[in-house]
Amino acid sequence: SVLQLKLWNKYRVSNIPSLIFIDASTGKVVCRNGLLVIRDDPEGLEFPWGPKPFSEVVAGPLLRNNGQTLDSSALEGSHVGVYFSAHWCPPCRSLTRVLVESYRKIKEAGQKFEILFVSADRSEDSFKQYFSEMPWVAVPYADEARRSRLNRLYGIQGIPTLIVLDSQGEVITRQGRVEVLNDVECREFPWHPKPVLELTDSNAVQLNEGPCLVLFVDSEDDGESEAAKQLIQPIAEKIIAKYKAKDEEA
C-alpha cells in the first residue's frame, strides 16, 4: 500500500527484518537498529535506547595493528571516519585499498583525521589478517559489546559503511564510501554534503535511500550542466534547510 511504501522510505529501510524505535510524541527516530538492541539488552535495562554521544559509546582501549593500544580519548579533537567493514566482503576490501591512500593524503595535508575500524569479520584470525593492511585504529575484536553498540548508534544495515564525524563527534556524512570513491584526491575533505550532485556510478546508491530529483541535461559542452546546477541549487538548499530545522535527514 501507499502507506507502507511511505514508511519504508521515511525510515530508509533497505532490508528485513528491521525494527526501528521512535518517540511517539515527536515522531523522531530513537534507534534505527532495534534488532541489535533486543539482542544486546534483552532485559530492557538501557530503555529507551536513545542515541548516546560517540565519545561515550567508543570509550575504552583501541588497537593499532602493531599490537600497541591507546585510549579512545586520543580521537578527541580529530575528524573521525568510523569504518564498518569485513575481510569476507569484496566491496569492503576494494574500498579499504582506496581508503588507505585517502587516509595518507589527508594526514600528509596536515589535517587531524583518524579512522576507527569496526570489524564484522567472522573470526579473530580474519580480523587480524584484514587489520594488518590498515594504518589506523580498531575496536578490539573481542569487545563484541562495543562493536555492537557502534553498529546500533549509526543504524548500520550493510557494509562497507564509512561514517565521517567532525571533531565534536557529530555526523558530517553517512556517505563516506561514496565521497572517498568520488574524491580520490580528498580535495573536498571532510565531505560536507552537497545539495546537488552529479550522478555517477558510485553515488547512484543514494537513489535507493529516499526521494530524489534527477535532472537530465543534453550536454556538458555548452554549459548546460552548470546552468542546470544553478537552477536547482537554491531549491535543494531550501529543502535541506527545512529538514535541518526539524532536525531530520532530508
Side-chain angles (χ1 to χ4, degrees), residues 12 28-33 50-64 70-85 95-96 98-118 134-139 146-147 149-197 202-203 205-206 209-210 233 236-250:
R12 301 187 177 198
K28 285 188 180 169
V29 172
V30 174
C31 173
R32 289 189 175 278
N33 236 334
K52 294 185 168 78
F54 169 70
S55 57
E56 186 181 322
V57 176
V58 78
L62 303 175
L63 293 177
R64 291 207 176 274
L70 67 161
D71 190 74
S72 57
S73 59
L75 300 175
E76 288 169 15
S78 293
H79 285 81
V80 177
V82 190
Y83 184 38
F84 299 85
S85 188
L95 179 61
T96 296
V98 178
L99 199 51
V100 166
E101 285 304 304
S102 301
Y103 178 77
R104 183 180 57 76
K105 285 172 186 166
I106 293 164
K107 301 279 267 190
E108 282 176 0
Q111 302 262 22
K112 293 190 80 176
F113 180 52
E114 195 50 75
I115 293 177
L116 175 67
F117 172 40
V118 183
M134 301 178 183
W136 44 75
V137 298
V139 176
R146 195 161 29 139
R147 289 192 289 124
R149 282 198 299 273
L150 284 159
N151 272 275
R152 273 165 48 191
L153 179 62
Y154 298 115
I156 302 303
Q157 293 194 339
I159 55 172
T161 294
L162 178 66
I163 312 272
V164 182
L165 310 178
D166 66 16
S167 54
Q168 275 71 53
E170 298 294 322
V171 174
I172 292 175
T173 179
R174 300 177 58 86
Q175 300 290 343
R177 175 192 186 184
V178 169
E179 298 293 355
V180 163
L181 295 175
N182 276 354
D183 180 26
V184 289
E185 294 304 318
C186 307
R187 292 196 181 100
E188 307 282 340
F189 177 83
W191 302 302
H192 288 280
K194 292 192 186 78
V196 180
L197 290 173
S202 55
N203 67 27
V205 65
Q206 293 177 77
E209 297 192 359
Q233 181 91 9
E237 284 173 356
K238 194 184 281 185
I239 291 168
I240 285 169
K242 186 182 91 175
Y243 279 93
K244 203 168 188 177
K246 293 196 286 186
D247 200 22
E248 289 179 9
E249 285 185 71

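Source: prediction; values computed, not measured. Along the sequence shown, the residues carry numbers beginning at 1.
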If the threshold is 4.0 Å, N to carboxylate O, is there a salt bridge linking Lys107 and Glu114?
yes
Between Lys105 and Val184, what is the shortest heavy-atom contact and its length?
NZ-O, 3.1 Å
Of Thr161, Val118, Val171, the one forming a side-chain contact (heavy atoms from CB on, under 4.5 Å) with Val82 is Val118
Can you sort out the partners of Phe113 under ring-ring contact (aromatic ring centres under 6.0 Å, His included), two or more places apart, ordered by chain and number?
Phe189
Minimum heavy-atom separation for Val164 and Pro190, please, with both atom names.
CG1-O, 3.8 Å
Inter-residue atom distance Ile163.CD1 - Arg177.CZ, 0.5 Å rounding:
13.0 Å
Do Ile115 and Val137 come within less than 4.5 Å of each other through their side chains, counting heavy atoms only?
no
Arg104 and Glu101 ion-paired at < 4.0 Å
yes
To the closest 0.5 Å, what do you measure between CD1 (Ile106) and CD (Glu185)?
11.0 Å
Mind checking whether Phe54 and Tyr154 have parallel, tilted or perpendicular rings, split at 30° and 60°?
tilted
I need the Lys244 NZ to Glu237 CD distance, nearest 0.5 Å.
11.0 Å
Is Arg32 reaching over with its side chain to a backbone N or O of Ile156, donor-acceptor style, under 3.5 angstrom?
no
So, do Phe117 and Leu63 sit near enough that their side-chain heavy atoms are less than 4.5 Å apart?
no
So do the side chains of Leu62 and Leu75 get within less than 4.5 Å of each other, counting heavy atoms only?
yes
Inter-residue atom distance Leu162.CG - Phe84.CZ, 0.5 Å rounding
9.5 Å
Check whether Lys52 reaches the backbone of Leu153 with its side chain - one donor and one acceptor, N or O, closer than 3.5 Å.
no
Would you mind reporting whether Ile172 and His79 have side-chain heavy atoms less than 4.5 Å apart?
yes
Checking the side chain of Arg146 only, and the main-chain atoms of Pro61 only, is there a donor and an acceptor separated by less than 3.5 Å?
yes
Closest non-hydrogen atoms of Gln233 and Val196, given as atom of the first, atom of the second and distance, are OE1-CG2, 3.6 Å
Side-chain contact, heavy-atom cut-off 4.5 Å: Leu150 with Leu116?
yes
Search all heavy atoms of Ala59 against all heavy atoms of Ser72 and return the closest pair with its distance.
CA-OG, 3.3 Å
Closest heavy-atom pair, Tyr83 versus Met134, reported as atoms and distance to 0.1 Å, is CE2-CE, 4.3 Å
With the side chain counted from C-beta on, respond yes when Leu95 and Ser85 share a heavy-atom pair under 4.5 Å apart, and no when they do not.
no
Minimum-distance pair of heavy atoms, taken over all atoms of Pro193 and Thr173:
CG-CB, 4.5 Å
